[in-house]
> 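Sharing a structure, written as structure tokens. Questions coming.
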2 protein chains.
Amino acid sequence: MDARKRRILGTLIDDYIASAEPVGSRTLAKKYGLGISSATIRNEMADLEELGFLEQPHTSAGRVPSDRGYRYYVDELMQRPMVTHDIVHRVRLAFQAPVREIAWFIHQTARMVSDMTAYPSVVVGPPVSDARLGEIRVMQLQPGTLLLVVSTDSGMVENRAVSLPEELSFEELGWLAKEFSREFRGIPINELKDRILDPLSSDVERYHGLWETLLAWMSEWRLSEDRVTLAGPLNILKYPEFRDVSKVQRVLGFLERDDAVEQLLHNTVQDSEHIHVIIGQESTVDAIWDCSVVTATYQVRGQVVGQVSVIGPKRMQYAHVMTTLEIVSEELSRALKWA
Amino acid sequence: MDARKRRILGTLIDDYIASAEPVGSRTLAKKYGLGISSATIRNEMADLEELGFLEQPHTSAGRVPSDRGYRYYVDELMQRPMVTHDIVHRVRLAFQAPVREIAWFIHQTARMVSDMTAYPSVVVGPPVSDARLGEIRVMQLQPGTLLLVVSTDSGMVENRAVSLPEELSFEELGWLAKEFSREFRGIPINELKDRILDPLSSDVERYHGLWETLLAWMSEWRLSEDRVTLAGPLNILKYPEFRDVSKVQRVLGFLERDDAVEQLLHNTVQDSEHIHVIIGQESTVDAIWDCSVVTATYQVRGQVVGQVSVIGPKRMQYAHVMTTLEIVSEELSRALKWA
DNA sequence: ACTTAGCACTCTAGCTACAGGAGTGCTAAT
DNA sequence: ATTAGCACTCCTGTAGCTAGAGTGCTAAGT
């Protein structure tokens, strides 16, 4: 791979990303001042095809980058844009709010990213499975209705209004919540179910209904309910590679399956430094083999707890997306410092 | 409109709903035992076209129902299926939970309806604008973080974790929340903003930050944030009339605009008894002129507070959808009785 | 007077043939 | 090593054609 080949490959991919049309040697020679003739470019392109970086849709069409071509482009060729202070400022502003709910930040992030990139965006929140119980508290709302507030050691607070088990008074419940918190503080949420069978007190039977409710809710919660937020799915419709409805169906169908998305992103990315790119068939999920996924992580207290990611056609604006995710994930981590 | 015309029109629409293909006289005569020849049907169909119930895509194609045809079908012709006890039971079961959050019921409803009908479903929750303040309460979560719980007279409870204004102690806040609740109970949520300027106490200045936060949140809330829930949007992709991506874009683009959806449904339906059907160009929103919308209302304490609705191609399974919505809205009202 | 068989007519969808254009690969000259 | 030139390939768009489905009308039948 000499410099000229790299130059040609880079330029070709740039052009293809912009145009979505196979790029021919002529276009390349004329449109960009490469200082070499189309014939030379043709020779180089033949080499690049042999090396597996380019493909031809058919004999007499221009070339299109292969997965491997995109990979090389992302790793070696593309020019990352400058991070302007302006954008950082805008992102920071969007996170400036008194709200202290992770869910809120996640929604905000997903929406912002899909707006900034014009691709669908997915944000995965902190795994409840890792979280340990912090405290359970109750608040009486109306007679017969109760607000159950559960906090975890990772700073998440979730709450849910439930009906009060009839045989319990509110005072008893308050005491019970205290006891329960004291007894089980620090236990991983997803182990609670087993522990609960261990009798907490002699009248465990009495509280049965409440625990049932609590556990049902928590296990539902654990199953990535609300952990994955999808924003701007319709952005995908803008790109000509998705003019075919069945493709749209495949991709959006996958994105709607929270558990599958969570698994994909969770599996691929754990290190906090790098932005991770999955290109086409590199993915383990065949539903998105026409797509690329760019993922960044964010942290709470130095721990990677979730992913921010963008999905789009393989012909994606990698440079722009990666820089955007870099900024957003950093600012998100900063905003969540307190958690 | 004699009985035979009605019979033909009904059968034709049934067939078209099932097949999505223009229906010819031959098909109609052969496939359904109408006891008359295709020539007779042709004559009748010509009449029906003149009357505006049918249309021809082009001269030598079969007929397709016009908006007016569908309207007549829905109002006069179609056969409503029996309500089986089985389905009622399933719906009732889905609402059986200790959860007491309207948002939860709304999500549940939307998902269930889109599953049952295989069309996208939209559920609009109770308008916050009508709601009056019930009570504001606070709960300390961690040092510096506060859970703000606002309940309305209509039984809605919303809460949000916010950071504690630094200059206020938790005790002061508790007192403040009480004062505030006492002072403003019964005031419509969307009037609070104006009232708040009225000094509550001499040190209103001091609490400024908190009120700002509270009001900012409430006005955001008021703006139909989370009031409209969309489920199963991808169902639309199943139907051949949406094989064209631009149509999908138009329709789903509209459905994503919560405010527009809310307005449409709110404007059309207020009476509690009937199920309302909007067919094609009957809609005020041109983005959904290829669609029909079926809407039912649900109640809390005898008051209509929201809508459950289904959107799909004009060639919709009206009978099935209407019956489903009837059951679901009734059961939803029943489940929300307490609110 | 209504119904229906028959038939000519219309329009579409799908096929084939063909020309133009874009792009390639190869060869030979620079 | 580069490049101009050229033959070749393949797609795309257009035009013409056919088969099929469906109609409207007419005339005969009930």
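Here is the naming used below: chain letters follow the sequence lines, and residue numbers restart at 1 for every chain.
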> Choose from D:dC10, D:dT23, C:dT3 the nucleotide whose nearest atom is closest to any side-chain atom of A:His58.
D:dC10

> Could you check how far CG of A:Asp47 sits from C1' of C:dT24, rounded to whole Å?
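Answer to the nearest Å: 14 Å.
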
> Report which part of the nucleic acid B:Thr59 touches: base, sugar-phosphate, or nothing (heavy-atom distance under 4.0 Å, all strands).
sugar-phosphate

> Provide, to the nearest angstrom, the distance between the CG atom belonging to B:Leu54 and the C1' atom belonging to D:dG24.
16 Å

> Whole Å only: how far is the CG atom of B:Asn43 from the P atom of D:dG22?
17 Å

> Any N or O donor-acceptor pair under 3.5 Å from the base of D:dT9 to the side chain of A:Ser60?
yes

> With heavy atoms under 4.0 Å as the rule, sort A:Ala39 into base, sugar-phosphate or nothing.
base

> Test side chain to side chain contact (heavy atoms under 4.5 Å, CB included) on A:Ile275 and A:Val294; report intermediate values, then the result.
CA-CA 7 Å; A:Ile275 298 224; A:Val294 181; 3.5 Å; yes

> Determine whether A:Glu55 and A:Arg63 satisfy the following criterion, salt bridge (charged side-chain N to carboxylate O under 4.0 Å, His left out), listing intermediate values before the conclusion.
CA-CA 6 Å; A:Glu55 284 168 357; A:Arg63 255 73 170 205; over 6 Å; no

> Just the rounded figure in Å: distance from P of D:dG22 to CG of B:Leu28.
11 Å

> Rounding to a whole Å, what distance do you find between A:Ile41:CD1 and D:dA4:C1'?
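It is 14 Å, rounded to the nearest whole Å.
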
> Just compare D:dT3, D:dG24, C:dT4 and give me whichever is closest to any side-chain atom of B:Arg63.
D:dG24

> Please state how far atom CG in A:Leu34 lies from atom P in D:dT3, giving the value in whole angstrom units.
11 Å

> Please report the distance, rounded to the nearest Å, between CD in A:Glu21 and C1' in D:dT12.
12 Å

> Counting side-chain heavy atoms from C-beta on, which of D:dT3, D:dG5, D:dT23 comes nearest to A:Arg42?
D:dG5

> For the pair A:Tyr239 and A:Tyr119, evaluate ring-ring contact (aromatic ring centres under 6.0 Å, His included) and give the outcome as yes or no after the intermediate values.
CA-CA 9 Å; A:Tyr239 303 98; A:Tyr119 298 112; 5.1 Å; yes

> For C:dT24, does OP1 or OP2 lie under 4.0 Å from any side-chain N or O of A:Ser25?
yes

> Looking only at side-chain atoms of B:Ser37, point me to the closest of D:dG22, C:dT4, D:dT3.
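Nearest to the side-chain atoms of B:Ser37, counting from C-beta on, is C:dT4.
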
> Between atom OH in B:Tyr16 and atom C1' in D:dG22, what is the gap in whole Å?
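Rounded to the whole Å, the gap is 16 Å.
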
> Given C:dT3, is OP1 or OP2 found less than 4.0 Å from the side-chain N or O atoms of B:Arg4?
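It does, given that an N or O in the side chain of B:Arg4 lies less than 4.0 Å from OP1 or OP2 of C:dT3.
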
> The side chain of A:Arg26 is closest to which nucleotide in this list: D:dT23, D:dT3, C:dG23?
C:dG23

> Given side chain to side chain contact (heavy atoms under 4.5 Å, CB included), test B:Thr11 with B:Val23 step by step and report yes or no.
CA-CA 10 Å; B:Thr11 312; B:Val23 185; over 6 Å; no

> For a quick check of understanding: with a heavy-atom distance under 4.0 Å over all strands, which category does A:Ser38 fall into, base, sugar-phosphate or nothing?
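Answer is nothing: A:Ser38 stays at 4.0 Å or more from every strand.
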
> Is there a salt bridge (charged side-chain N to carboxylate O under 4.0 Å, His left out) between B:Glu241 and B:Arg315? Walk through the geometry before answering.
CA-CA 9 Å; B:Glu241 29 271 278; B:Arg315 182 184 64 83; 2.8 Å; yes

